[in-house]
Amino acid sequence: MDHFLYRNGQLYAEDVPVSEIAAAVGTPVYIYSTATLLRHFRLFDEALDWGPHLVCYAMKAASNQAILKTLAAAGAGMDVVSGGEYARALAAGVPGERIVFSGVGKTRDEIRTALEGGIRQFNIESEPEMRAISEVASALGVVAPVTVRVNPDVDARTHAKIATGKSENKFGIPIAKARQVYAEAAALPGLKVVGIDVHIGSQLTELDPFALAYRKVAELTEALRADGHEISRLDLGGGLGIPYTRSNEAPPLPVEYGRLIERELGHLGCEIEIEPGRLIAGNAGILVSEVIYVKEGEGRNFLILDAAMNDLIRPAMYDAHHDIIPVVEPEPGCEQEPYDIVGPVCETGDTFAKARLMPALRAGGLVAFRSAGAYGAVMASEYNTRALIPEVLVKDDQFAVIRQRPSFEDIINRDSLPEWL
Ligand SMILES: *Cc1c(COP(=O)(O)O)cnc(C)c1O
């Protein structure tokens, strides 16, 4: 459920007509709904109410300061994957004790910054990284709380580019090797083992892969405890999928996911951490774009939009489907025509949808890409010197620009010329 619905023939973001925002801010524009963000966060929080837990929003999904502040105020922790994200989380007022640091290539600088600023835990992804954290912590005279990310070798049955839990992926250490790595962690100075971490992929639309992975995590917990390690936290990563189409997809709900976690891991008495990104932000954001031209091609018509692959790369990168709907509500039962929906960038990959059935649209009409809140704005680039598009946050009947569209002058002035030019 989200808060982008038709009302009086118009698409609304909560209580604000989308066309009003487009007129005020211009297009293309990302629009987020506060109520949807909070609703999704609370669904997870409540799903884990059976025990101690912390929901750490995976901020790589959408990391605008206003989004972070909204979630942090509701009690969310943050999952960060870079020094930049760590700085963003602190700037949004999230205390270090609520920030977990994931990612396969933490640099010594990033490790130092997090140790100095406070960190709940590092999720270690490899032995060399574990030794680096030990060295940096020892040099600072502090102790780094750590988990080791284990790779349970389960098939997440999701798109190959976002599956992370198979043995051939670069993530974590093989679960079979975990006892050896934990033994080294316990022996190294400057580290304190606090738990186990696992994250098997993104956009999972079934629960079975989670169940398989968590069964292995439960066994490992017992084995590591028997070896004398204190395992008090289980970080289960993110990955729960969202419906990208209204029609036929029904991924499991957070409440069902919470029950699965309780069933597989509840008896261990650990604090549960989860790191959802997509499910919190995905359906809390839309991308609104204007039709520039309707072009009649051979055997097909093109809708040429003012949004392009640089603004939303998911269709080009992951073959992702986004529902695209007119901002003016179509008459019920109106005629639909197939369109190829494309952007203006000089790449064939700049295609959002092929032969998509849409009500007849004219130049100047507005469309909204649904489910664009996660891995949308954060993956945007200025390819073709197209300015990063603005972001707007809606709350009830108010809206605010939370990231301005830069001017061409801003963009050009970011370059600097060498002396000889
Ligand atoms: C990407 C990522 C997440 C978030 O995944 P979603 O599918 O967006 O929920 C969580 N944890 C880690 C380690 C990640 O890399």
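Whatever order the structure lists them in is the order used to number ligands and atoms, beginning at 1. In what follows, residues are counted from 1 in the order of the sequence shown.
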Looking only at protein heavy atoms, which one is nearest to [atom], and how far off is it?
{"atom": "atom 8 (O) of ligand 1", "value": "Tyr375 OH, 2.5 Å"}
{"atom": "atom 3 (C) of ligand 1", "value": "Lys60 NZ, 3.3 Å"}
{"atom": "atom 10 (C) of ligand 1", "value": "Glu275 O, 3.2 Å"}
{"atom": "atom 7 (O) of ligand 1", "value": "Ser202 OG, 2.3 Å"}

Self-check item: Arg7 charged N/C atom sitting above Tyr12 aromatic ring, 6.0 Å / 45°
Solution: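 Verdict for Tyr12: a cation-pi partner in Arg7.
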Taking atom [atom1] of [X] as the centre, report whether more than 12 heavy atoms of other residues, nucleotides or ligands fall under 6.0 Å from it.
{"X": "Arg225", "atom1": "CZ", "value": "yes"}
{"X": "Lys395", "atom1": "NZ", "value": "no"}
{"X": "Gln65", "atom1": "CD", "value": "yes"}

Where ligand 1 meets [X] - atom numbers and elements under 4.0 angstrom, heavy-atom basis:
{"X": "Gly238", "result": "9 (O), 10 (C), 11 (N)"}
{"X": "Arg278", "result": "6 (P), 8 (O), 9 (O)"}
{"X": "Ala58", "result": "3 (C), 4 (C), 10 (C)"}
{"X": "Asp79", "result": "10 (C), 11 (N), 12 (C)"}

Quiz item: Where does Leu279 meet ligand 1, judged by heavy-atom distances below 4.0 Å: at the side chain, the backbone, both, or neither?
Solution: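 For Leu279, there is no contact with ligand 1 at all, from either part.
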Quiz item: Going by an N to O cut-off under 4.0 Å, is there a salt bridge joining Arg149 and Glu125?
Solution: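 A salt bridge is present here (some side-chain N lies under 4.0 Å from a carboxylate O).
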Quiz item: Do ligand 1 and Pro276 have nitrogen or oxygen atoms that lie under 3.5 Å from each other?
Solution: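 So ligand 1 has no N or O lying under 3.5 Å from an N or O of Pro276.
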Quiz item: Quick one: does Gly201 get an N or O within less than 3.5 Å of an N or O on ligand 1?
Solution: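 In this structure, Gly201 places no N or O atom under 3.5 Å from an N or O of ligand 1.
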Would you please indicate if the ring centroids of [X] and [Y] are separated by under 6.0 Å?
{"X": "His322", "Y": "Phe352", "result": "no"}
{"X": "His229", "Y": "Tyr182", "result": "yes"}
{"X": "Tyr57", "Y": "Phe41", "result": "no"}

Practice problem: Please state whether Gly239 comes within less than 4.0 angstrom of ligand 1, counting heavy atoms only. | Solution: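 Yes.
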